[in-house]
Amino acid sequence: ELQRVLSLPELPDALGINSRDLTTFSVNIKNPFALRSRIPHDIPVIFESGVSASMTVFHAANAGFHGVLIGEACMSPVEPERSISSFITSFRKGAAAPPLLFTRLFSRVRKHPLVKVCGITTLEDARTAEALGADAIGLILASSPRSISPDMLKTYADLSIPKIAVIQDPEEQLVRFLLEQLDQGIIQGVQLHGSESPQLMERFSGHACRALAPQALTDESDRLWGPFTLFDIPKGSSRSINDTEDTLPLRRQFIAGGITPDNLEQVLSRFDPLLIDLASGIESTPGIKDPGAMKAVFTVLEAKNG
């Protein structure tokens, strides 16, 4: 639809991107963010529908939207974080803030999904991922065969690729350390994998995303965690991403869970994801990436989407 509009002899005075599918009425608030960077900056763009939390408004303003259309959220019983004044304040803060993690990621206009290579443990693997065209790398600080120590984050500081620290129920000392790393530009984001509260996520000021199980995909998840949730098959599960029964809710989302070069084409066809998160499916041993497997992923992506 956007391509048809932008090919008109005369461009419109403004555009609205609706996160609600008007056929099924399902809502996916990631869609407007994925389309925003494809629109010329001199055309005002409005983020429409699906706004149920101030965090979404904060991200929308930071991503360059000129306004937000809010209806239902203002009609329900008023909560402090859903009041009109809260939405206005969040919009102003988002517009004034430096580019947030996902503003940076979605500014890359790509025909294929964004690619995050997670569980990086060596500088060589990080450089290979960057050279192949990955959009972000994940550095795991939680207990895992792919974990690194917090003081190793600086090893990757000179890479231009966005670096996301992956944590699980961190102690306060680690939270403060990561906030310092964000301020210094050592990392560009944090991914939460435990039972962390929305309040902890808010401390990272728009530079955090939340990993959830696929069955947790609800409007409430967007309200609590903002637009950037990663839906991940639980570790140790016998299921793979392609075993998921409810295909529709996971379409056009950030997804992870056993994605490999061999099943990637099926993942792309079933889910049309906005981001794929790769880890064990492209490794020679736990924590060590296979350069051939990483390259094969991008070969599949380019063959499928260009």
Side-chain angles (χ1 to χ4, degrees), residues 1-5 14-39 45-61 63 65 67-77 79 81-82 87 90 102-103 105-106 110-114 116 198 201 209-234 239-257 259 264-277 304-305:
E1 291 175 347
L2 180 60
Q3 289 174 341
R4 291 202 298 270
V5 170
L15 285 173
I17 305 179
N18 201 335
S19 62
R20 190 185 307 278
D21 184 321
L22 296 181
T23 302
T24 65
F25 291 99
S26 62
V27 174
N28 180 352
I29 59 176
K30 295 182 178 71
N31 271 330
F33 294 96
L35 293 172
R36 174 65 188 93
S37 62
R38 300 174 182 271
I39 300 172
V45 187
I46 308 300
F47 187 110
E48 299 179 348
S49 297
V51 176
S52 60
S54 296
M55 189 179 295
T56 305
V57 175
F58 178 74
H59 278 285
F65 284 89
V68 178
L69 178 64
I70 304 174
E72 183 180 350
C74 297
M75 298 298 292
S76 57
E79 302 172 24
E81 72 275 13
R82 302 178 76 182
F87 289 136
S90 295
F102 292 101
T103 296
L105 291 181
F106 277 129
R110 307 280 288 274
K111 291 184 178 179
H112 62 68
L114 297 170
K116 174 173 168 278
M201 186 169 180
C209 64
R210 187 72 165 91
L212 296 171
Q215 59 266 31
L217 177 55
T218 63
D219 288 343
E220 183 69 7
S221 68
D222 283 333
R223 183 157 107 74
L224 289 174
W225 306 111
F228 301 111
T229 41
L230 169 70
F231 295 96
D232 188 9
I233 295 293
R239 302 171 65 200
S240 73
I241 193 70
N242 279 320
D243 293 330
T244 304
E245 296 177 0
D246 298 326
T247 301
L248 184 61
L250 284 177
R251 286 189 64 81
R252 303 284 290 169
Q253 297 288 345
F254 295 0
I255 61 174
I259 299 175
L264 177 57
E265 187 171 355
Q266 184 182 0
V267 169
L268 297 175
S269 297
R270 287 194 69 192
F271 302 111
D272 189 18
L274 296 176
L275 178 147
I276 56 172
D277 191 310
K304 179 78 173 176
N305 300 106

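Treat the numbers as computed from the prediction; the structure is a model and nothing was measured.
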Q: Can you sort out the partners of S90 under side-chain hydrogen bond (donor to acceptor under 3.5 Å, both in side chains), two or more places apart, ordered by chain and number?
A: none
Q: Check whether any side-chain heavy atom of I29 sits under 4.5 Å from a side-chain heavy atom of V51, and report yes or no.
A: no
Q. Is there a side chain to side chain contact (heavy atoms under 4.5 Å, CB included) between I17 and V45 once you walk through the steps?
A. CA-CA 7 Å; I17 305 179; V45 187; 3.9 Å; yes
**Q.** With T23 via side-chain hydrogen bond (donor to acceptor under 3.5 Å, both in side chains) - residues at least two apart
**A.** none
Q | Any residue meeting salt bridge (charged side-chain N to carboxylate O under 4.0 Å, His left out) with D272, in chain and number order, not counting sequence neighbours | A | R252
Q: Would you give the length of the straight line joining atom CG of L275 to atom CZ of F106, rounded to the nearest 0.5 angstrom?
A: 7.5 Å
**Q.** Flag, side chain of S26 to backbone of D21, donor-acceptor distance under 3.5 Å
**A.** no
(Q) Restricting to non-hydrogen atoms, name the atom on S269 and the atom on K304 that form the minimum distance, rounded to 0.1 Å. (A) OG-NZ, 2.9 Å
Q | Spacing of L230 atom CG and R210 atom CZ [to the nearest 0.5 Å] | A | 10.5 Å
(Q) To the nearest 0.5 Å, what is the distance between CD1 on I259 and CG on D232? (A) 9.0 Å
Q: Find out whether F231 and L250 are in side-chain contact, i.e. whether some heavy atom of one side chain is under 4.5 Å from a heavy atom of the other.
A: yes
Q.
Taking the side chain as everything from C-beta on, heavy atoms only, tell me whether T103 gets closer than 4.5 Å to F33.
A. no
**Q.** Distance, nearest 0.5 Å, that separates CG of L69 from CD1 of I46
**A.** 8.0 Å
**Q.** R38: side-chain contact (heavy atoms from CB on, under 4.5 Å) partners, not counting sequence neighbours
**A.** L2, L35, V109
Q) Can you name the side-chain contact (heavy atoms from CB on, under 4.5 Å) partners of S49, sequence neighbours left out? A) N18, S19, R20
**Q.** Residue pair D277 / I255, side-chain heavy-atom distance below 4.5 Å
**A.** no
Q: Begin with the C-alpha distance, continue with both residues' side-chain angles, and end with the deciding distance and a verdict on side chain to side chain contact (heavy atoms under 4.5 Å, CB included) for Q253 and K30.
A: CA-CA 7 Å; Q253 297 288 345; K30 295 182 178 71; 2.6 Å; yes
Q | Close side-chain approach of R251 and P273, heavy atoms under 4.5 Å | A | no
**Q.** Ring centroid separation F228 to H59 under 6.0 Å
**A.** yes
Q.
As an exercise, state the distance from OG1 of T56 to CZ of F47, rounded to the nearest 0.5 Å.
A. 6.0 Å
Q: Under the salt bridge (charged side-chain N to carboxylate O under 4.0 Å, His left out) rule, collect the residues that match up with R36, sequence neighbours excluded.
A: none
Q.
Can you list everything that forms a ring-ring contact (aromatic ring centres under 6.0 Å, His included) with F58? Sequence neighbours excluded, please.
A. none
Q) Roughly how far, to the nearest 0.5 Å, is CZ of F254 from OG1 of T229? A) 8.0 Å
